[in-house]
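Scroll down for the structure; my scribbles are underneath it.
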Amino acid sequence: MTPPEPVQTSDDGWLDAASMSGFDATDAFAVAVGGRRITLFQVEGDVYATDDICSHGEAFLCEGFLEGHEIECPRHQGRFDVRTGEATCPPAERAIETFPVRRDGDRIWVRVAA
């Protein structure tokens with residue numbers, strides 16, 4: 001599922017990224033936010049946002065396997081902690097970027113630095 005480009009921006013720099021509707025209890029999907037492709041993850045009721053591109057294999061992390069707080073790259077099986085971006089399993093060695101997330105009702109808001 002890839003929601004449309006966000007259309008709302010708050011006065012303090014948060015971008016409206018997606019709706020919680022249809023977001024499974026443990027799920028990941030890519031969105032376009034602030035001109036960037038990021039992946040949103042839901043784990044145990046919390047939502048996290050990271051860069052969608054693996055720092056090792058140039059693969060889309062939204063297509064990977066989410067287990068707990070780790071996303072496994074679909075290309076070479078490197079893993080990242082979605083909370084911190086830290087690489088947790090080789091061959092991935094460099095962290096991926098993470099972004100602040102907040103929820104407001106049904107909406108997920110993300111702050112992406114320019």
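Using modelled atom types, no side-chain atom of Asp51 and backbone atom of Thr98 make a donor-acceptor pair closer than 3.5 Å. No side-chain donor-acceptor contact under 3.5 Å links Arg37 to the backbone of Asp52.
Ile71 places none of its side-chain heavy atoms less than 4.5 Å from the side chain of Thr39. Looking at Trp109 and Val101, their side chains never come closer than 4.5 Å, going by heavy atoms from C-beta outward. Taking 4.5 Å as the limit, every side-chain heavy atom of Cys54 sits out of range of all side-chain heavy atoms of Arg75. In this structure the side chain of Ser21 reaches within 4.5 angstrom of the side chain of Asp106, judged on heavy atoms.
Under 4.0 Å is where a charged nitrogen must lie from a carboxylate oxygen, and between Glu97 and Arg36 at least one such pair does. Salt bridge status for Glu67 with Arg79: present, with a side-chain N to carboxylate O gap under 4.0 Å.
Atom-to-atom distance recorded for Leu61:CG and Phe41:CZ is 6.0 Å, nearest 0.5 angstrom. For the atom pair CZ (Arg102) and CD1 (Ile108), the distance works out to 12.5 Å, reported to the nearest 0.5 Å.
One hydrophobic cluster, built from ILVMFWY side chains closer than 4.5 Å, cannot hold both Phe60 and Val82; they sit in different ones. Both Val47 and Leu15 sit in one connected hydrophobic cluster of ILVMFWY residues. Membership requires side-chain heavy atoms under 4.5 Å apart, directly or through other members. Note on Met20: it clusters hydrophobically with Ile38, by side-chain heavy-atom contacts below 4.5 Å among ILVMFWY residues. Linking ILVMFWY residues whenever their side-chain heavy atoms come closer than 4.5 Å, directly or via other members, places Phe29 and Val33 in the same cluster. In the hydrophobic clustering of ILVMFWY residues, with side-chain heavy atoms under 4.5 Å counting as a link, Phe99 and Ile53 come out apart.
The two residues Ala95 and Ser55 come nearest to each other via the heavy atoms O-CB, 3.9 Å. The heavy-atom pair separating Gly45 from Arg103 by the smallest distance is O-NH1, 2.8 Å. Nearest heavy atom pair, residue Ala17 against residue Val31, reads O-CG1, 3.9 Å. When all heavy atoms of Ala59 and Cys73 are compared, the pair lying nearest together is CB-SG, 3.7 Å.
Identified under the side-chain hydrogen bond (donor to acceptor under 3.5 Å, both in side chains) test for residues 85-96, with sequence neighbours left out: Glu70-Thr88. Within the structure, the ring pair (Phe, Tyr, Trp, His ring centres under 6.0 Å) test picks out the following pairs touching residues 68-89 (sequence neighbours left out): Tyr48-His69, His56-His76.
Residues satisfying the side-chain contact (heavy atoms from CB on, under 4.5 Å) test with Pro90, not counting sequence neighbours, are none.
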